[in-house]
Amino acid sequence: MRLARFDGGRLGVVVGEEIADITGLVGGDPQQWPDVNMVRLIRDFDQLRGTIEAALPGLPRLPLAQVRLETPVPWPNKIIAYPVNYHAHGREMQAQYRATNQGFFLKPNSALSGPADPILLPAVPGREVHHESELAIIIGKECRGVAREDWQDVVFGYACLLDMVVRGREERVFRKAYDTFCPVGPWITTADDVTDPAALDMKLWVNGELRQSANTRDLVLDIPGMVATASAVMTLYPGDIIATGTPEGVGPVVDGDRIRIVIDQVGEMNVDVVQSDQGMTEVFAQPYVPPIIKQN
Ligand code: MN
């Protein structure tokens, strides 16, 4: 099942090129603040799934092209992100570490944006803002200390994610924290609709030029390992998002670019890049050009 958020916090099921509105069916006021309706839907999904499936044929549908898709989980408890989790990306960045011996970092929830929202480039002259295409894991259950072999019990689904970053040597979280630096979407594809998350092709284009192309089988720390590592440290909650790391081919985007990310069986997002006049900071006063080694 493909679960989306749209048109001001409404919840929907995507069926083909249409979306069925399940807001009334599953409860929750779209206007509430904070907007945790999707988090609740994820928590209660095992109980609600039968109701949703039974009602689906009779629910009114809108063409997807006529709605504004929004980031599916706007208020997760946290966004966990694994750095350098593909060897070829580690080589291009000349990083000596991998996610297996580095652990994770966190991105702020306020960085989340949706497929219809542009990525706003901060005003940081002399710096490059890079795209990182990533598979997102959406957690389904409150859990702690999950063993590798139990990972499927707590994974709810998957989405496309862009981990945007200002390149530099400053604190990683600082460089990855800007508003709109974490587009997620276009919806959550539930885990039962993904044959094998460890064998998914993922591609990213900028203005039609293929920049990143990889398969999740090349993850250094695999999905069971990412769930085990995160839950060894923290309680995970329904709706938590794990950014699983980017493969090689990262690079800069500029005003007017259009980023396309496609992950097999999960979805496709097309996101515009727009220069903003906000975000200046003395931290980025010195210019920096990353010494990236192109991989074959
Ligand atoms: Mn990343």
Side-chain angles (χ1 to χ4, degrees), residues 71 73 76 78-113 119 121-122 127-139 158-185 197-198 200-206 211-223 225-227 229-230 233 240-253 259-263 266 269 271 273 288 290-293 295:
T71 200
V73 191
K78 54 192 161 299
I79 305 168
I80 301 151
Y82 284 93
V84 193
N85 207 11
Y86 289 84
H87 285 298
H89 175 57
R91 289 192 291 273
E92 74 177 351
M93 300 302 289
Q94 302 173 66
Q96 302 307 308
Y97 59 86
R98 297 293 183 265
T100 38
N101 57 21
Q102 176 87 174
F104 54 79
F105 63 98
L106 299 174
K107 274 175 87 89
N109 298 343
S110 50
L112 285 166
S113 59
I119 293 166
L121 299 178
R127 294 304 179 108
E128 293 183 354
V129 175
H130 281 204
H131 55 78
E132 295 189 350
S133 71
E134 309 200 8
L135 173 72
I137 299 168
I138 314 297
I139 295 296
Y158 305 93
C160 302
L161 183 148
L162 296 171
D163 178 17
M164 304 303 295
V165 55
V166 177
R167 288 292 175 215
R169 296 188 178 283
E170 299 80 7
E171 177 63 51
R172 175 189 276 127
V173 168
F174 185 84
R175 295 183 287 104
K176 290 178 175 255
Y178 279 98
D179 284 1
T180 74
F181 267 26
C182 196
V184 174
L200 295 174
D201 279 331
M202 173 170 67
K203 290 186 168 67
L204 179 143
W205 295 258
V206 177
R211 294 264 191 97
Q212 294 188 273
S213 178
N215 188 285
T216 53
R217 77 172 65 89
D218 293 324
L219 283 163
V220 179
L221 181 61
D222 62 4
I223 294 173
M226 283 188 265
V227 170
T229 299
V233 177
D240 279 2
I241 297 168
I242 300 179
T244 55
T246 197
E248 71 275 22
V250 300
V253 287
I259 301 176
R260 177 180 178 221
I261 176 173
V262 177
I263 303 178
V266 173
M269 272 200 309
V271 182
V273 178
Y288 180 84
I292 287 177
I293 300 172
Q295 303 296 296

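As the structure is a prediction and not an experimental result, all values here were calculated from the model. Throughout, numbering of the chain's residues begins at 1 and tracks the sequence. Just follow the structure's listing: the first ligand is 1, and inside any ligand the first atom is 1.
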Checklist entry - Can you tell if the side chain of Q295 reaches within under 4.5 Å of the side chain of I293, non-hydrogen atoms only? => result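 Heavy-atom side-chain distance check passes, below 4.5 Å.
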
Checklist entry - Looking at side-chain heavy atoms only, is the closest gap between V165 and F181 below 4.5 Å? => result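 The answer is no, as the side chains (C-beta and beyond) never meet within the 4.5 Å cut-off.
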
Checklist entry - Going through the checks in order, is the side-chain hydrogen bond (donor to acceptor under 3.5 Å, both in side chains) test met by H131 and Q212? => result CA-CA 9 Å; H131 55 78; Q212 294 188 273; 3.1 Å; yes

Checklist entry - Near the Mn ion (ligand 1), which protein N/O/S atoms are found at less than 2.8 Å? => result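 Correct list: E132 OE1, E134 OE2, D163 OD2.
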
Next on the checklist: Regarding E132 and R167, does a basic nitrogen lie under 4.0 Å from an acidic carboxylate oxygen?
Outcome noted: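 Answer for the salt bridge query: yes.
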
Checklist entry - Between P197 and L135, what is the shortest heavy-atom contact and its length? => result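 Scanning both residues, the minimum pair turns out to be O-CD2, 4.3 Å.
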
Item to check | Exercise: identify the closest heavy-atom pair between P83 and G103 | outcome: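 Looking at all heavy atoms of both residues, the shortest contact is CD-O, 3.0 Å.
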
